[in-house]
Amino acid sequence: MKTKILLLVLATLFFSPFSLAKQHPGIEVKVQSVKGSINNDEDIYVKVSYKNNTNEQINLLKWYLPDSAGNLEEGIFKISRDGEMLNYLGRHYKRPAPTNADYLTLNAHQKISYQVELSGVYDFSQQGHYQIEMEVENMALFSTSKPGKNNQSKAFSMKSKSATDIYVTKVRASKKPCNPRKEDCSGGGGGTGDVSFTGACSNSEQNTLLSALDAAKTMTNSSVSYLNGSAGSRYTTWFGIYSSTRWNKVASNFDSIKDAFDNKPKTFDCSCNQSYYAYVYPTQPYKIYLCRAFWNASLTGTDSKGGTLVHEMSHFNATAGTDDVVYGQTGAKNLAISDPNRAITNADSHEYFAENTPNLN
């Protein structure tokens, strides 16, 4: 009981500024539709612009910006059709904690713009009135320091001033080619039983993945066993002060993750050449794409191969539907103190709880 009270006091004294998503006052974001009315067999484009209205440079985390070709790495848009929210169908990554190289510098009064195609990562197939706005939140979203000083801003959300409207008219469309951002276009792969491989996984990579899967199962089994007991420092470190509602949610998440590892058909893809650990499409269970950092990680321990699989498995809507609120152990520990309700939705928090490095009771 004393431990819980101490955690609550610390949260109030030191971390309460993070309990609300503080929006950066100096960034102005606008979203504009390229066409206001469109058929549902056409691609959907919007123009999104970011303007620094301050006299100082602001560094924006590039993960939450479109790239130079207008592609998205995260679901930065909030889109509704006739009032019903759309799910983001694109990738959910496991990344290392951001470094200065992951930030784009927006100089004083500078404006940047991107044209973004949305129909590859959101479902615009239904006729109706769509409202689109940009809304993103991450505790490392901004750095107000000059590159190299790593001084993070307390602001960590960004939102467009207003929504833009698009009306999609329904037409009879012929069958489209497979869209790899919405569906699995790779065809079958090698493998036996409930595990298969795509993306040209070598024999050594396949063996490594099977070992990582065994490690992930061991971590998950340990997590499920722990969550059948009582809360100690292992729980509070990663998910914050105990409440029965949050505890039950985490326990349910790990039950679903365990069921997926034990009983569902899993596909591992080795084609990713990005510097990240891995990614998934949350609406496409249970296929996990492994990237360069994964192959350099240890089998167990912090940010391990086994832990990466737990992280990615938690992203699927069919398991825990987690998001990436923060990356890294420091961010996850701070999140547990400042906002336990968000900690239980954070993928890295689930991974670090499962890896349990250093070992906690």
Side-chain angles (χ1 to χ4, degrees), residues 91-96 180 183-227 234 238 253-322 324 327 329 347-359:
R91 301 173 179 180
H92 275 260
Y93 288 93
K94 171 176 167 57
R95 301 181 175 94
E183 52 194 307
D184 182 4
C185 303
S186 59
T192 58
D194 68 344
V195 178
S196 60
F197 303 94
T198 59
C201 295
S202 68
N203 286 340
S204 63
E205 287 172 333
Q206 292 184 29
N207 289 331
T208 296
L209 282 163
L210 292 174
S211 296
L213 177 60
D214 287 340
K217 288 182 176 181
T218 298
M219 293 174 186
T220 305
N221 290 338
S222 169
S223 301
V224 170
S225 295
Y226 181 95
L227 292 162
R234 179 177 176 182
W238 304 116
N253 288 350
F254 274 101
D255 284 343
S256 295
I257 293 168
K258 174 178 168 57
D259 179 62
F261 279 134
D262 290 346
N263 302 311
K264 305 300 183 184
K266 294 162 287 293
T267 301
F268 297 117
D269 188 287
C270 302
S271 61
C272 175
N273 196 37
Q274 292 174 287
S275 61
Y276 308 137
Y277 285 89
Y279 68 87
V280 299
Y281 296 97
T283 58
Q284 295 179 22
Y286 299 90
K287 184 170 185 177
I288 300 176
Y289 298 78
L290 295 316
C291 304
R292 292 206 309 264
F294 174 85
W295 304 108
N296 295 324
S298 61
L299 185 63
T300 59
T302 301
D303 293 315
S304 62
K305 290 184 176 75
T308 294
L309 297 188
V310 173
H311 177 116
E312 295 303 327
M313 189 63 78
S314 78
H315 274 321
F316 292 117
N317 295 341
T319 54
T322 61
D324 294 309
Y327 287 108
Q329 282 201 342
D348 256 4
S349 302
H350 286 72
E351 175 182 343
Y352 296 138
F353 176 84
E355 290 172 335
N356 196 26
T357 307
N359 189 273

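One-based numbering along the sequence shown.
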Check: Arg95/Gln274 side-chain N/O donor and acceptor closer than 3.5 Å
no

Taken to the nearest 0.5 Å, the spacing of Tyr93 OH from Glu312 CD works out to 10.0 Å

Ser349 OG to Gln329 CD distance, which is reported to the nearest 0.5 Å
10.5 Å

Reported CG-to-OG1 distance for the pair Asp259 and Thr220, which is rounded to 0.5 angstrom
11.5 Å

Value rounded to 0.5 Å, distance of CG in Leu209 from NZ in Lys266:
12.5 Å

Test item: Gln206 side-chain N/O and Cys201 main-chain N/O as donor-acceptor pair under 3.5 Å:
yes

If you measure from CD on Glu355 to CG on Asp348, what distance do you get to the nearest 0.5 Å?
8.5 Å

When rounded to the nearest 0.5 Å, the distance separating OG of Ser271 from CG of Leu290 is 9.5 Å

Asn221 meets the side-chain hydrogen bond (donor to acceptor under 3.5 Å, both in side chains) criterion, sequence neighbours left out, with Lys258

Determine the minimum heavy-atom distance between Arg234 and Ser222, stating which atoms define it.
NH1-OG, 3.2 Å

Val224 side chain reached by Asp255 side chain, heavy atoms, under 4.5 Å
yes

The side-chain hydrogen bond (donor to acceptor under 3.5 Å, both in side chains) partner of Lys94 among Thr308, Asp324, Asp303 is Asp303

Table please: side-chain donor-acceptor pairs of residues 291-301 below 3.5 Å, with sequence neighbours left out.
{"from": "Arg292", "atom 1": "NH1", "to": "Asn273", "atom 2": "O", "distance (Å)": "2.4"}
{"from": "Ser298", "atom 1": "OG", "to": "Thr300", "atom 2": "O", "distance (Å)": "2.6"}

So, Tyr289 versus Phe268, ring centres under 6.0 angstrom or not?
no

List the atom of Thr322, the atom of Ala347, and the distance in Å for their closest heavy-atom pair.
OG1-CB, 3.4 Å

Within-4.5 Å side-chain heavy-atom neighbours: His350 and Phe254
yes

Using only heavy-atom distances, determine whether the side chains of Thr283 and Asn317 contain a donor-acceptor pair under 3.5 Å.
no

Least distance between heavy atoms, Ala215 atom then Gly306 atom
CB-CA, 4.1 Å

Could you pull out the closest heavy-atom pair between Pro282 and His92, with the gap in Å?
CG-CD2, 3.3 Å

Are any side-chain N or O atoms of Glu205 and backbone N or O atoms of Ser202, one a donor and one an acceptor, separated by less than 3.5 Å?
yes

Closest heavy-atom contact between Ser304 and Met219?
OG-CE, 3.5 Å

Candidate pair Asp194 and Lys264, rule salt bridge (Lys or Arg N to Asp or Glu O under 4.0 Å), full reasoning
CA-CA 7 Å; Asp194 68 344; Lys264 305 300 183 184; over 6 Å; no

Contact between Pro96 and Tyr327 at the side-chain level, heavy atoms closer than 4.5 Å - yes or no?
no

Flag for Thr302-Thr357: side-chain donor and acceptor within less than 3.5 Å:
no

Val280 and Arg91, any side-chain heavy atoms less than 4.5 Å apart
no

Is the shortest heavy-atom distance from the side chain of Val195 to the side chain of Leu210 under 4.5 Å?
yes

Give the minimum heavy-atom separation between Ser314 and Ile257, together with the two atoms involved.
CB-CD1, 3.8 Å

Between Tyr281, Tyr286, Phe261, which is the residue that forms a ring pair (Phe, Tyr, Trp, His ring centres under 6.0 Å) with Phe316?
Tyr286

